[in-house]
Amino acid sequence: MRPSCDRNKPHNGHFAQIQPLYYIKMYTKIFRAVIIGAPGSGKGTISELIVKTFGFLHISSGDILRQNIIKNTDLGKKAQSYIAAGQLVPDEIVTKTMIARITEVGNKSYILDGFPRNGAQADILSARCQINAVIDLNIPHDVIIERVKHRWIHAPSGRVYNIGFNDPKVSGKDDVTGEPLTQREDDKPEVVAKRLQLYDELMGPVLAWYGERGLVTTFKGRETKEIWPRVERFLKDKVNKG
Ligand code: G5P
Ligand code: MG
């Protein structure tokens with residue numbers, strides 16, 4: 001039986017009650033989406049809901065880079081200073097990493113978050129795989145600036161919290177591992193301002209490129225709880241049509 005829509009509503013600020021199995025069983029076709037939006041627009045949060053609801057894999061360039069920084073890999077060492085300064089990590093590094101991950105994932109449905117980030121990356125991605133839809137989150141900058149001040153993350157997994165929106169069960173600790181949460185270095189107000197400016201400069205052409213191919217759907221709003229039901233409906237329609 002189909003779960004009631006109410007189960008998908010946030011519970012105490014969490015989306016923990018989502019019932020994924022109905023969708024995962026029904027949607028067996030391969031579907032690939034890109035989620036685009038300014039820093040702090042909710043790409044990671046909406047992607048997590050897509051994972052739980054549709055069973056897609058979430059491939060986040062930012063999460064992959066941060067995990068490499070924690071592990072102190074060569075990639076992490078190269079990426080760290082760019083991320084801390086709110087600049088893009090050089091294309092050749094990110095593109096190689098993301099294409100390797102996409103290849104590794106193979107024949108599965110996924111949502112790409114944070115990649116592509118400019119025209120050059122979009123070109124390389126389009127040569128490698130076909131994207132079925134682009135979800136464009138359009139959130140006012142004033143909302144974003146307020147939000148990221150309260151963001152806490154569990155960097156090894158990429159799990160993200162926000163005080164007053166989706167609080168951890170125990171203050172300062174990750175719900176799953178109990179490990180301490182941290183704040184992102186690039187969430188400092190001056191770095192956020194730089195990231196927002198860079199986003200506006202670089203993503204305009206990428207959105208236009210996908211727009212010319214009829215792939216972009218924009219979701220405008222101030223809160224995830226109003227945006228998510230629209231994204232969910234959109235994806236259900238798209239995935240059903242194949
Ligand atoms: P990232 O990691 O890709 P950004 O800048 O694209 O980083 P970010 O900051 O991860 O995006 P998001 O994923 O869009 O934001 O947002 P989110 O984390 O889900 O939500 C933000 C906060 O708001 C969270 O705390 C969440 O809980 C809360 N929230 C969500 N909805 C609501 C709501 O309705 N209400 C409230 N109150 N709160 C809410 O990239 C980082 C860096 O990595 C490098 C670059 O240096 C980049 O700056 N990088 C790349 N470099 C080159 N090429 C690429 N392709 C690169 N990808 C990453
Ligand atoms: Mg994110």
Side-chain angles (χ1 to χ4, degrees), residues 1-11 13-63 102 105 107-117 122 125-126 129-141 143-144 147 158 160 162 165-166 199 203-242:
M1 202 179 89
R2 193 177 172 140
S4 93
C5 293
D6 283 343
R7 288 198 176 153
N8 286 352
K9 286 188 178 159
H11 173 67
H14 283 271
F15 290 87
Q17 291 199 329
I18 282 177
Q19 302 289 304
L21 286 180
Y22 168 76
Y23 301 111
I24 294 171
K25 271 185 203 148
M26 280 195 60
Y27 299 142
T28 50
K29 283 180 210 147
I30 302 299
F31 192 84
R32 278 146 190 178
V34 169
I35 190 161
I36 286 180
S41 59
K43 298 182 296 296
T45 306
I46 297 274
S47 296
E48 193 192 328
L49 292 167
I50 292 173
V51 169
K52 286 181 179 157
T53 309
F54 293 91
F56 296 179
L57 294 172
H58 176 209
I59 308 181
S60 157
S61 50
D63 287 351
I102 286 167
V105 159
N107 232 7
K108 297 205 176 98
S109 297
Y110 52 73
I111 177 130
L112 284 174
D113 163 3
F115 181 84
R117 201 80 164 213
L125 178 64
S126 71
C129 69
Q130 198 196 339
I131 295 299
N132 303 100
V134 174
I135 295 166
D136 168 37
L137 303 180
N138 187 324
I139 316 295
H141 283 193
V143 173
I144 287 175
R147 261 184 202 179
V160 63
N162 200 277
F165 171 68
N166 60 339
Y199 175 81
M203 289 313 283
V206 176
L207 276 169
W209 191 92
Y210 283 122
E212 282 159 22
R213 284 150 186 85
L215 288 170
V216 178
T217 304
T218 298
F219 298 87
K220 215 171 174 171
R222 299 178 74 84
E223 289 188 77
T224 294
K225 71 170 186 249
E226 59 170 305
I227 290 176
W228 165 242
R230 288 190 260 140
V231 172
E232 185 187 25
R233 251 191 325 272
F234 164 77
L235 276 179
K236 274 165 71 180
D237 282 355
K238 277 273 170 198
V239 177
N240 273 331
K241 281 179 196 148

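Sequence positions, counted from 1, serve as the residue numbers for this chain.
A search for side chain to side chain contact (heavy atoms under 4.5 Å, CB included) contacts involving Lys108 returns Leu57, Val105, not counting sequence neighbours. Residues passing the ring-ring contact (aromatic ring centres under 6.0 Å, His included) test with Phe219 are Phe234, sequence neighbours excluded.
Side-chain contact between Tyr110 and Ile102 is present, with heavy atoms from C-beta onward closer than 4.5 Å. Two residues are said to be in side-chain contact when any heavy atoms from C-beta on lie closer than 4.5 Å; Phe31 and Leu235 meet this criterion. No side-chain heavy atom of Ser126 sits under 4.5 Å from any side-chain heavy atom of Ile131. Contact annotation: the side chain of Ile50 approaches that of Trp228 to within less than 4.5 Å [non-hydrogen atoms, C-beta and beyond]. Put simply, the side chain of Tyr199 does not reach to within 4.5 Å of the side chain of Ile144, judged on heavy atoms.
Of all heavy-atom pairs between Arg230 and Lys220, the closest is NH2-O, 2.8 Å. Of all the heavy atoms in Phe115 and Ser61, the pair that sits closest is N-OG, 3.8 Å. Residues Asp63 and His58 approach most closely at OD2-CE1, 4.1 Å, considering heavy atoms. Here the closest non-hydrogen pair linking Pro116 and Ala122 is CB-N, 3.4 Å. Contact between Ile111 and Ile135 at its shortest, heavy atoms only, is CD1-CD1, 4.3 Å. Shown here for Ile35 and Ser47, the closest heavy-atom pair between the two residues is CG2-OG, 3.7 Å.
Ser41 places no side-chain N or O within 3.5 Å of a backbone atom of Asn138 that could act as its donor or acceptor partner. Side-chain atoms of Arg213 do not come within 3.5 Å of backbone N or O of Tyr210 as any donor-acceptor pair. Without hydrogens or angle criteria, Asn132 side chain to Ala33 main chain gives no donor-acceptor distance under 3.5 Å.
Atom CD1 of Ile227 sits about 14.0 Å away from atom CD of Glu232, to the nearest 0.5 Å. Distance check, rounded to the nearest 0.5 Å: CG of Leu112 to SG of Cys129 gives 6.5 Å.
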Legend entry - Worked verdict on Met203 versus Ile36 for side-chain contact (heavy atoms from CB on, under 4.5 Å): CA-CA 8 Å; Met203 289 313 283; Ile36 286 180; 3.7 Å; yes

Legend entry - Intermediate values then yes/no, side-chain contact (heavy atoms from CB on, under 4.5 Å), Ile139 and Arg147: CA-CA 11 Å; Ile139 316 295; Arg147 261 184 202 179; 4.3 Å; yes

Inset, instruction - For the pair Thr224 and Leu49, evaluate side-chain contact (heavy atoms from CB on, under 4.5 Å) and give the outcome as yes or no after the intermediate values. - result: CA-CA 10 Å; Thr224 294; Leu49 292 167; 4.3 Å; yes

Inset, instruction - Quick one: do Val34 and Leu125 satisfy side-chain contact (heavy atoms from CB on, under 4.5 Å)? Show the steps, please. - result: CA-CA 11 Å; Val34 169; Leu125 178 64; 4.3 Å; yes

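Look at Lys52 and Glu48 and you find a salt bridge, because one of the NZ, NE, NH1 or NH2 atoms lies within 4.0 Å of a carboxylate O, short of that distance.
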